[in-house]
Amino acid sequence: MKNTMAALAFLFTALAYSNIAAGVRPPNLVIVLTDDQGYADVGFNGCKDIRTPNLDRLAKEGVRFTNAYATYAVCGPSRAGLITGRYQDRFGASRNPTVDYTVENNGVPTSEKNIAELLQPAGYTSMAVGKWHLGTHPTLRPRKRGFNEFFGFLTGGHQYFPEELTIERLKDVTRKWDWYRTKLLRNETPVEIDEYLTDELTDAAVDFIGRTKDKPFFLYLAYNAPHTPLQASKKYLKRYKNIADKKRRTYAAMVSAVDDGVGRILDELNKHSIDEDTIIVFLSDNGGAKNNASDNKPLRGHKSSPFEGGIRVPFAMRWPGHLPAGVTYEHPIISLDIAATIVARAGVTVPANKPLDGVDLLPYLTGENKGKPHERLYWRWYDRKQFVIRDGDRKLITRQGRDDMLFNLQGDLSEKSNLAAQQRDQVTELQAQLRIWNRQLVDPIAPGLSYWNPKKR
Ligand code: CA
């Protein structure tokens, strides 16, 4: 069995490279990213009260990851890591960035390449749909960053109902947080929408697949659901009359809308017979938030926290005919691996001075490589002077002025038992590894989300 798996893996790898050489199209990439969805809020991780048949189908037809991480515990930096395949602290996208568009570098700086930019030389057409939050400065918007098309909003969150979207553009915003009310942009033009936002985003994604199916494409579908404000349409709310708690009911409805969207995307791929030409990845940008009635159990903590509930996310990947189906993968992986995996398939070159931190997951998932994709994973909260390292089952949380916390996740998944006092040698060893990593990082290049200076305009 092992030999067969290895032979198959070799065959697939060899095919991938010979396909590129023969001019056969490299695989499409679809990333479905949700916002603040809890680890336990998908059926494939055991959720009982929210039904996610389409996400479960994606996972069942591919690989479900139990130890998958985001690179940060809130939106902006996590997205900067995911989209570049590099730890965002290497290029200073370390804060949830301001949406003040007069601030330069308020997202991923142009010195870095994102997945769309990396795939451009291989002939990919790319579209970003939904939440951007990777820079509102005019030089950092999607169509300046390798995406042929954009439909969505530039900010970190949004109202869900069309009638709430009354502000034409960011420059018309006079009060903080009113940027949640800007009209959606189709490329650079504000447009009216008439449906619930999650459905509008799905429509745009499905339309793009239908139009672009004959050539390699990258679809970055970043739903803002189930991020606050908790708003769901009747169509989805009526599915959850059985949930008594109003917040949880609305949250469930919001997740259900995403799940319907994923179902429509899977159907669209199937309709055009491009299932086997398409890698589809589903994940959340960070753990469930404290304020959106999400559920990270059995993990400790929530969005923004250094505990597993902040950074471990629901994650599944499907590529029929190339990846095994119905498999659970338990070694730690990270959102950074998505870029490395598609870059390897597309045969494009990454700039030598900006190597990816992610790892091509394919050999690990086919069984060709029995090892672990990562020796260690790292996190930094610059303004808190806080760091996390995971090395095997050991996890150290260290913060200036506070006691260290050392956990062994094998047997203590909920991080209840702090071993730091008993195991000082392990703490010292992990701190040394963190220092090596930290030396490679730079300071933040832009102010945080609360920075907003309307007087400048
Ligand atoms: Ca988020």
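All residue numbers refer to positions in the sequence shown, counting from 1. Counting convention: from 1, in listed order, for ligands and their atoms alike.
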Fill in: CA sep, side-chain torsions, deciding dist, call: R312, E308, salt bridge (charged side-chain N to carboxylate O under 4.0 Å, His left out)
CA-CA 5 Å; R312 194 187 292 211; E308 295 291 289; 2.7 Å; yes
Worksheet item: Would D56 and T52 count as a side-chain hydrogen bond (donor to acceptor under 3.5 Å, both in side chains) if you check the C-alpha gap in whole Å, the side-chain angles of each, and the deciding distance to 0.1 Å?
Response: CA-CA 6 Å; D56 300 349; T52 59; 2.9 Å; yes
Item to complete: Would you please say whether a donor-acceptor pair under 3.5 Å links the side chains of Q37 and N286?
Response: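 No, no side-chain donor-acceptor contact under 3.5 Å.
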Worksheet item: Any side-chain donor-acceptor pair under 3.5 Å between T202 and R264?
Response: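 Result is no, nothing qualifies.
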Discussion item. W177 vs W179, test: ring pair (Phe, Tyr, Trp, His ring centres under 6.0 Å). Steps then yes/no.
Written reply: CA-CA 5 Å; W177 303 106; W179 50 72; 5.3 Å; yes
Worksheet item: At distances under 3.0 Å, what protein N, O or S atoms surround the Ca ion (ligand 1)?
Response: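 The answer, once waters are left aside, is D35 OD1, D36 OD1, C75 SG, D285 OD1, D285 OD2, N286 OD1.
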Discussion item. Go through it in stages, so that I can follow the logic: the residues are F315 and F282, the test is ring pair (Phe, Tyr, Trp, His ring centres under 6.0 Å), and I'd like the CA-CA distance, side-chain angles, deciding distance and then a yes or no.
Written reply: CA-CA 5 Å; F315 195 114; F282 164 79; 8.4 Å; no
